[in-house]
Each structure stands twice: as structure tokens, then as C-alpha cells.
Chemist: 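Next up is a structure, given as C-alpha cells.
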Amino acid sequence: MPVKHYDVIIAGVGSMGSAAAYYCAAAGAKVLGLEQFGIPHDQGEHAGQSRIIRKAYFEHPDYVPLLDRAYANWNDLEVMAGTPIYHETGLLYLGQPDHPVMKGIDTAAHKFHIPLRTLTNTSIFPAFSVPEGFEMRYEPHAGFLQPEKAVSLYVSEARDLGALIHEYEPMISWELTPNGVSVQTSLATYTADKLIISAGPWLSKAVPALQEQLQVTRQIVCWAEPDEIEHFTPAKFSCWLIAEPDQPGALYGFPALDTTEFGPPAGLKFAWHHAGDPADPDAVNRNVTEKEIRELVDRVAKYIPALKNAKLNTVKTCLYTNTPDEHFIIDHLPGTKGKVSVAGGFSGHGFKFVSVVGEILSQLALKGKTDMPAEFLSLKRFR
Ligand SMILES: Cc1cc2nc3c(=O)[nH]c(=O)nc-3n(C[C@H](O)[C@H](O)[C@H](O)COP(=O)(O)OP(=O)(O)OC[C@H]3O[C@@H](n4cnc5c(N)ncnc54)[C@H](O)[C@@H]3O)c2cc1C
């Protein structure tokens with residue numbers, strides 16, 4: 001059989017890979033996307049109905065220019081597909097003013113003139129119990145994205161532009177050739193000028209050189225239905241993020257979504273954003289213990305008392321791929337002369353950037369460099 005040649009092969013068509021496939025195809029490239037599961041699926045990092053998007057970026061203000069582009073690109077996708085993906089609910093932040101999360105929000109908002117209100121009247125959000133010494137910030141132009149829908153739309157737009165996207169065809173190995181790369185899958189061998197590896201939790205299996213920089217962790221997400229659920233719909237209840245004293249990361253959650261529009265599960269979704277227990281993506285313990293659930297519910301119910309005795313609808317596991325500094329990795333892979341680009345280590349906060357990361361990856365592959373301010377996410381920082 002003759003080997004089929006492409007301009008770009010994308011290994012891993014999940015969050016980042018779906019957008020990369022679209023942007024490469026939109027730039028006129030002959031694209032092959034390889035995904036080991038169906039699209040979308042719930043074994044990686046993109047499942048679970050909703051993802052928060054916000055701009056007052058406490059993780060580092062350098063992300064804000066990328067977020068400006070991400071918001072614009074999400075809007076482009078919505079216009080192109082004729083359907084909403086971003087839902088503006090606003091975002092309420094709670095925490096002590098000297099907590100690094102609260103300080104980071106203030107710093108990013110101040111530096112980039114992001115609308116952010118300090119609230120003094122706790123009765124504006126009656127569902128919350130705000131502890132003594134906590135402050136409240138409100139970011140009006142924040143909300144949530146629909147991850148499965150976004151991934152599916154990028155794939156369908158890419159296919160409309162001629163990209164071939166093969167589901168259930170894992171990349172087994174890859175190697176450099178004099179003219180590009182050769183990729184072996186479960187079914188065939190393909191060659192390409194360029195390879196983008198966006199394998200999420202499997203990235204260090206596909207690129208063992210990145211093992212030291214990547215740790216996969218198991219995360220838990222709950223959906224619960226309090227009494228009077230009508231007080232928790234997006235019209236009355238925003239997304240939220242709580243920086244607890246003496247705890248890494250933050251608690252966060254969403255309004256109760258209409259399952260006819262957003263799909264199941266019903267109820268308020270909430271979780272703890274932090275690095276959970278280390279996991280092998282091929283052997284994840286998907287069982288969640290009563291103790292794990294109780295601990296999470298009790299912590300969140302301290303701030304949203306209606307959740308204390310709420311009916312627990314669903315508990316799911318999901319994966320994070322964490323870097324040592326919790327910043328992303330988006331770069332050419334060293335030693336590949338620009339033929340291979342990698343995107344990974346999104347450390348539990350990458351989805352909002354999918355629409356801009358796809359564009360950056362297409363530029364790295366097709367132009368050899370990106371004009372986006374993403375230098376701070378390069379691998380250089382680990383050398
Ligand atoms: C519970 C949870 C909540 C989150 N909340 C937020 C949030 O509110 N806001 C936010 O911005 N971010 C959030 N994130 C983070 C965000 O979802 C991730 O950063 C993002 O989805 C990572 O995308 P990815 O493309 O790296 O991984 P994935 O979406 O998992 O995609 C990787 C793909 O590669 C495929 N693959 C792997 N190896 C191969 C191979 N060899 N061959 C073929 N295919 C392969 C996988 O099957 C998968 O489809 C959350 C994550 C979790 C788990």
C-alpha cells in the first residue's frame with residue numbers, strides 16, 4: 001500500500017487537537033487527525049458539560065492577551081457554526097484579600113483594565129454564605145463554554161474544509177524522516193511534513209522526553225440538586241470560584257443548567273481545582289468513594305449551604321495533566337527541527353484557551369512560528 005502523505009498530522013483530536021485541525025485546514029493544509037477514541041469522549045480531559053472561561057487571570061497576567069484572542073475565536077466559531085458555545089453568567093470570586101488567587105485576580109484586572117467589581121453587599125448573591133474576612137469580586141464578562149460541543153464543532157468545521165479525521169485510530173509511534181515525519185497507527189503508516197502532538201494525558205507516553213514535566217492526576221466532579229433549584233439557574237446564579245485559606249487551588253462551580261439544552265447531568269456542578277492523586281490515563285480508578293464525595297460536598301456547603309443536604313445526582317472522574325509550574329507547554333519539540341509541535345500540560349485550566357491554542361499550533365506547524373504572545377509557554381523554561 002502506498003504511504004499517504006499529508007501537510008500536517010495531528011495526534012490526539014480532543015480539546016486542542018480539534019481546534020488545531022480546524023485552523024490547519026482553514027489555512028489550506030492537507031490535514032489528517034488521529035484520535036484513539038470517538039469524538040468527543042469521556043476518558044481524557046474535555047468531558048463534563050461545562051468549562052469556566054474568565055479573563056482576570058490569577059494564574060498569570062501574561063495569559064490575558066491570549067484570552068482576548070480566545071474570546072474572539074470562540075465568537076468566530078459560534079458565528080460559523082450558528083450556535084452558542086460561550087454562555088456569559090458572570091463569575092463570583094470569594095477569598096481573603098491577601099490570598100494569592102485574589103491578589104492575582106486584582107493584578108490581572110488592573111493591568112489589563114478587565115471589568116471586575118468589588119462587592120460589599122452579600123445579599124446580592126443570597127445563596128452564598130461569605131465567611132468573615134473574605135472579600136467578593138465579580139467579573140461580569142465571564143461564564144462557561146460547552147466543551148463536548150466545541151470539540152465536535154471544530155471537528156465538523158475541519159472536515160467541511162477537507163480534513164480527514166480518523167476516530168478509533170491511535171498513533172502507536174512516530175519518527176523523523178529526512179523530509180518530515182512518519183506516523184505508525186493501529187491501521188497504517190502515514191507521512192507528513194509536520195506533526196502536532198496534542199495527546200492530553202497521554203502526551204508523555206507519545207513523547208517520553210516530556211515525562212519529567214508532566215504528571216497526570218485524577219480529579220472528581222459532582223452534580224447535586226438542592227431544594228428550590230430555580231434559584232440556581234444561570235439567570236439568578238453565576239459561575240463561582242472560592243479561594244480557601246490554607247488550601248491549594250480553589251473550589252469552583254456552575255449554575256444549574258437546563259438539561260434539554262446542555263445535556264445531562266442535572267444539578268449544580270462543583271469541584272476542587274488542584275492536582276489530585278497521580279494516575280495512569282490507561283488505568284484510572286473511576287470509582288469515587290463516599291469519603292471523597294462527603295469531603296468535597298462539606299467543603300463547598302460551607303459557602304453554599306443549600307448543597308449540604310442536596311440530592312447528589314452524579315459523580316465523575318476526569319484527568320488533569322500538570323506541569324511543575326502549572327503553566328501550559330506549547331512549543332516545537334526540541335531536536336525535531338520544527339517538524340514536531342507539542343501542546344499539553346494544561347494543568348486543569350486549558351479549555352478556555354482551546355480556540356487560541358488551535359490557532360497557535362497551526363502557525364507553529366505551517367509557518368514555523370507563531371505571532372501570538374505565547375513565548376512564556378515554551379519548553380525553554382525547563383532547560
Ligand atoms: C474536571 C475538569 C474540570 C476542568 N475545568 C476547566 C475549566 O473550568 N476551565 C478551563 O479552562 N479548563 C478546565 N479544565 C481543563 C481543560 O479541560 C483541559 O486543560 C483541556 O481539556 C486539555 O485539553 P487536551 O487537548 O490537552 O486534552 P484532551 O481533551 O484529553 O485531548 C487529548 C486527546 O488526545 C487523544 N490521544 C491521546 N493519545 C493518543 C494517541 N496516541 N493517538 C490518538 N489519540 C490520542 C485522547 O484520546 C484525547 O482525545 C478542566 C479539566 C477537568 C478534568
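Reckoned from all heavy atoms, side chains included, excluding hydrogens, waters and symmetry mates. One is the number of the first residue; the rest follow in order along the sequence. When a ligand or atom number is given, it counts from 1 through the structure's own listing order.
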Chemist: Compare Glu167, Gln36, Met16 and give the one whose heavy atom is closest to atom 36 (N) of ligand 1.
Modeler: Gln36

Chemist: Which residue holds the protein heavy atom closest to atom 2 (C) of ligand 1, what is that atom called, and what is the gap in Å?
Modeler: Tyr320 CE1, 3.8 Å

Chemist: Considering only protein heavy atoms, which is closest to atom 12 (N) of ligand 1, and at what distance to one decimal place?
Modeler: Phe351 N, 3.1 Å

Chemist: For ligand 1, is any non-hydrogen atom under 4.0 Å from Ile172's backbone (N, CA, C, O), its side chain (CB onward), both, or neither?
Modeler: neither

Chemist: Pull out every atom of ligand 1 sitting under 4.0 Å from any heavy atom of Leu34, numbered as shown with elements.
Modeler: 43 (C), 44 (N)

Chemist: Report the relative orientation of the aromatic rings in His166 and Tyr190; use parallel for angles under 30°, tilted for 30 to 60°, perpendicular for over 60°.
Modeler: perpendicular

Chemist: Between Arg54 and Glu59, is there a side-chain N and carboxylate O pair less than 4.0 Å apart?
Modeler: yes

Chemist: Tell me: protein heavy atom nearest atom 8 (O) of ligand 1, and distance?
Modeler: Ile52 N, 2.7 Å

Chemist: Where do Arg299 and Glu295 land on the salt bridge (Lys or Arg N to Asp or Glu O under 4.0 Å) test, with the steps shown first?
Modeler: CA-CA 6 Å; Arg299 274 176 65 196; Glu295 277 173 8; over 6 Å; no

Chemist: Output yes when the distance from some N or O of ligand 1 to some N or O of Gly350 is under 3.5 Å, and no in every other case.
Modeler: yes

Chemist: Specify the protein heavy atom at minimum distance from atom 38 (N) of ligand 1: its residue, its atom name, and the distance to 0.1 Å.
Modeler: Trp202 CB, 3.3 Å

Chemist: Check if His41 has a non-hydrogen atom at a distance under 4.0 Å from any atom of ligand 1.
Modeler: yes

Chemist: Is Ala343 close to ligand 1, meaning an N/O of one under 3.5 Å from an N/O of the other?
Modeler: no

Chemist: Under 4.0 Å from a heavy atom of Ala199: which atoms of ligand 1 are those, numbered in the order shown and with their elements?
Modeler: 32 (C), 34 (O), 37 (C), 38 (N)

Chemist: Geometry only, no angles: is Pro170 polar-contacting ligand 1 at N/O separations under 3.5 Å?
Modeler: no

Chemist: Check whether any heavy atom of Phe353 sits under 4.0 Å from an atom of ligand 1.
Modeler: no

Chemist: Mind telling me whether Tyr154 and Tyr23 have parallel, tilted or perpendicular rings, with 30° and 60° as the class edges?
Modeler: tilted

Chemist: Does a side-chain N-to-carboxylate-O contact under 4.0 Å join Lys380 and Asp331?
Modeler: no

Chemist: Going by the salt bridge (Lys or Arg N to Asp or Glu O under 4.0 Å) test, name the single residue among Lys111, Arg137, Arg117 that passes it with Asp106.
Modeler: Arg137

Chemist: Before we go on, tell me: are the rings of Phe270 and Tyr303 under 6.0 Å apart, centre to centre?
Modeler: no

Chemist: In the structure I gave you, are the side-chain heavy atoms of Met171 and Ile197 within less than 4.5 Å of one another anywhere?
Modeler: yes

Chemist: Is Leu67 reachable from Phe376 through a run of I, L, V, M, F, W or Y residues, each pair having side-chain heavy atoms under 4.5 Å apart?
Modeler: yes

Chemist: Could you tell me if any non-hydrogen atom of Ala206 lies under 4.0 Å from any atom of ligand 1?
Modeler: no

Chemist: Under 4.0 Å, heavy atoms only, figure out whether ligand 1 is touched by the backbone of Val221, its side chain, both or neither.
Modeler: side chain

Chemist: Test Glu167 against every option in Ile39, Leu34, Val13, Val155 by the side chain to side chain contact (heavy atoms under 4.5 Å, CB included) rule and name the one that passes.
Modeler: Ile39

Chemist: With nothing but distance in play, are any N or O atoms of Glu45 less than 3.5 Å from an N or O of ligand 1?
Modeler: yes

Chemist: Go through the steps to decide whether His99 and Phe134 satisfy the test ring-ring contact (aromatic ring centres under 6.0 Å, His included), and finish with yes or no.
Modeler: CA-CA 10 Å; His99 192 289; Phe134 272 43; 8.6 Å; no

Chemist: Just which atoms of ligand 1 are under 4.0 Å from any heavy atom in Gly200?
Modeler: 26 (O), 27 (O), 32 (C)

Chemist: Salt-bridged, Arg381 to Asp325, with N to O below 4.0 Å?
Modeler: yes

Chemist: Could you tell me the residue and atom name of the protein heavy atom closest to atom 23 (O) of ligand 1, and the distance to it rounded to 0.1 Å?
Modeler: Ser15 OG, 3.0 Å

Chemist: Are Tyr93 and Tyr138 close enough that their ring centres sit under 6.0 Å apart?
Modeler: no

Chemist: Could you tell me the residue and atom name of the protein heavy atom closest to atom 42 (N) of ligand 1, and the distance to it rounded to 0.1 Å?
Modeler: Met171 N, 2.9 Å

Chemist: Report yes or no: do Phe144 and Trp240 belong to one cluster of Ile/Leu/Val/Met/Phe/Trp/Tyr joined by side chain heavy-atom distances under 4.5 Å?
Modeler: no

Chemist: Can you find an N/O atom of Cys318 closer than 3.5 Å to an N/O atom of ligand 1?
Modeler: no

Chemist: Who's the nearest protein heavy-atom neighbour of atom 35 (C) of ligand 1, and how far?
Modeler: Glu35 OE1, 3.2 Å

Chemist: Only heavy atoms of Phe346, strictly under 4.0 Å: list the atoms of ligand 1 that pass.
Modeler: 19 (O), 26 (O)

Chemist: Quick one: which of Arg54, Arg51, Lys352, His166 has a heavy atom closest to atom 17 (O) of ligand 1?
Modeler: Arg51

Chemist: Geometry only, no angles: is Phe37 polar-contacting ligand 1 at N/O separations under 3.5 Å?
Modeler: no

Chemist: Assess Pro201 for proximity to ligand 1: is some non-hydrogen atom of it under 4.0 Å away?
Modeler: yes

Chemist: So, do His141 and Tyr71 have ring centers that fall under 6.0 Å from each other?
Modeler: no

Chemist: When rounded to the nearest 0.5 angstrom, what is the spacing between SG in Cys222 and CD in Glu292?
Modeler: 9.5 Å

Chemist: Number the atoms of ligand 1 from 1 as they appear, then name those within less than 4.0 Å of a heavy atom of Gly44, with their elements.
Modeler: 30 (O)

Chemist: Under 4.0 Å from a heavy atom of Leu319: which atoms of ligand 1 are those, numbered in the order shown and with their elements?
Modeler: 53 (C)

Chemist: Using 4.0 Å as the upper bound for N to carboxylate O, is an ion pair formed by Lys55 and Glu139?
Modeler: no

Chemist: Considering heavy atoms of the protein only, find what lies nearest to atom 14 (N) of ligand 1 and give residue, atom and distance to 0.1 Å.
Modeler: Gly348 O, 3.3 Å

Chemist: Does some non-hydrogen atom of Ser198 fall short of 4.0 Å from ligand 1?
Modeler: yes

Chemist: Below 4.0 Å, non-hydrogen atoms only: which portion of Phe144 touches ligand 1? Side chain, backbone, both or neither.
Modeler: neither

